[in-house]
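In what follows, residues are counted from 1 in the order of the sequence shown. What's counted below: heavy atoms across the whole structure, side chains too, no hydrogens, waters or symmetry copies.
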Amino acid sequence: QVQLAESGGGLVQAGGSLRLSCAASGTVFSINAMGWYRQGPGKQRELVAGITRSGTTNYADSVKGRFTISRDNAKNTVYLQMNSLESEDTAVYYCNVDTYTYRYWGQGTQVTVSS
């Protein structure tokens, strides 16, 4: 069983920055892709950014150029650096980890951007 621990959420003013972290613990043999999803009020859950084990990244158009996803394979941790935050970025952010066998979800961390 794998458990994901998220951290880094909080309240920030528009134009500010936050850095989210997600560390996988438990029985982790190998991790393929890792990513961040978010769900804002009244919105569908969407993929914000993803990263493969080799480091290939992809981003939602709405965050491209502002967010950066990275990972530390030795620590089974994925990060999301969020810059130039906008009120539209307000959402619960969920970490997702693909271990080739199962996909695991974090508990979610609230990001609130005030304007």
Side-chain angles (χ1 to χ4, degrees):
Q1 186 175 349
V2 176
Q3 191 169 36
L4 306 182
E6 300 184 29
S7 63
L11 175 65
V12 65
Q13 294 183 355
S17 299
L18 286 173
R19 181 176 173 86
L20 305 183
S21 299
C22 175
S25 61
T27 305
V28 182
F29 297 106
S30 185
I31 297 177
N32 184 24
M34 307 178 78
W36 291 93
Y37 292 73
R38 70 183 181 186
Q39 186 167 18
K43 299 180 180 179
Q44 298 179 350
R45 184 174 297 188
E46 64 175 347
L47 175 66
V48 177
I51 184 169
T52 68
R53 186 172 183 84
S54 64
T56 301
T57 60
N58 67 287
Y59 298 90
D61 290 339
S62 60
V63 307
K64 199 169 299 181
R66 300 187 297 118
F67 292 8
T68 302
I69 188 171
S70 61
R71 63 188 289 173
D72 185 336
N73 291 335
K75 300 179 66 174
N76 292 327
T77 300
V78 62
Y79 307 92
L80 185 67
Q81 179 67 46
M82 304 184 292
N83 298 326
S84 302
L85 284 163
E86 306 167 353
S87 60
E88 292 77 12
D89 296 317
T90 295
V92 178
Y93 285 70
Y94 299 90
C95 176
N96 181 265
V97 172
D98 174 17
T99 64
Y100 293 98
T101 304
Y102 299 103
R103 299 189 73 185
Y104 297 89
W105 291 92
Q107 65 182 27
T109 183
Q110 177 70 48
V111 171
T112 302
V113 183
S114 62
S115 61

If hydrophobic clusters are built from ILVMFWY residues whose side chains come within less than 4.5 Å, do W36 and L18 share one? yes

Taking the side chain as C-beta and beyond, is there a heavy-atom pair between Y79 and T68 under 4.5 Å? no

Report whether Y37 and Y59 are members of the same hydrophobic cluster (ILVMFWY, side-chain heavy atoms less than 4.5 Å apart, transitive linking). no

Pairwise distance CG(N32) to OG1(T101) - rounded to 0.5 angstrom: 10.5 Å

May I ask you to decide if I31's main-chain N or O and R53's side chain share a donor-acceptor pair within less than 3.5 Å? yes

Any side-chain heavy atom of Y102 sitting closer than 4.5 Å to one from V97? no

Counting distance only, does the side-chain N/O of R71 pair as donor-acceptor with the main-chain N or O of T52 below 3.5 Å? yes

ILVMFWY network linking M34 to V92, side-chain heavy atoms under 4.5 angstrom: no

Treat each ILVMFWY residue as a node, draw an edge where side-chain heavy atoms are under 4.5 Å apart, and state whether V111 and L80 are in one component. yes

Quick one: are V63 and R38 in side-chain contact, heavy atoms under 4.5 Å? yes

Would you say the side-chain atoms of T57 pair up with the backbone N or O of I51, donor to acceptor, closer than 3.5 Å? no

Once the angle between the rings of Y93 and F67 is folded into 0 to 90°, is it parallel (under 30°), tilted (30 to 60°) or perpendicular (over 60°)? tilted

Under 4.5 Å between any side-chain heavy atoms of L85 and Q13, yes or no? no

Sidechain-backbone polar pair: Y104 side chain, T99 backbone, donor-acceptor under 3.5 Å: no

Are the side chain of E6 and the backbone N or O of G108 linked by a donor-acceptor pair below 3.5 Å? yes

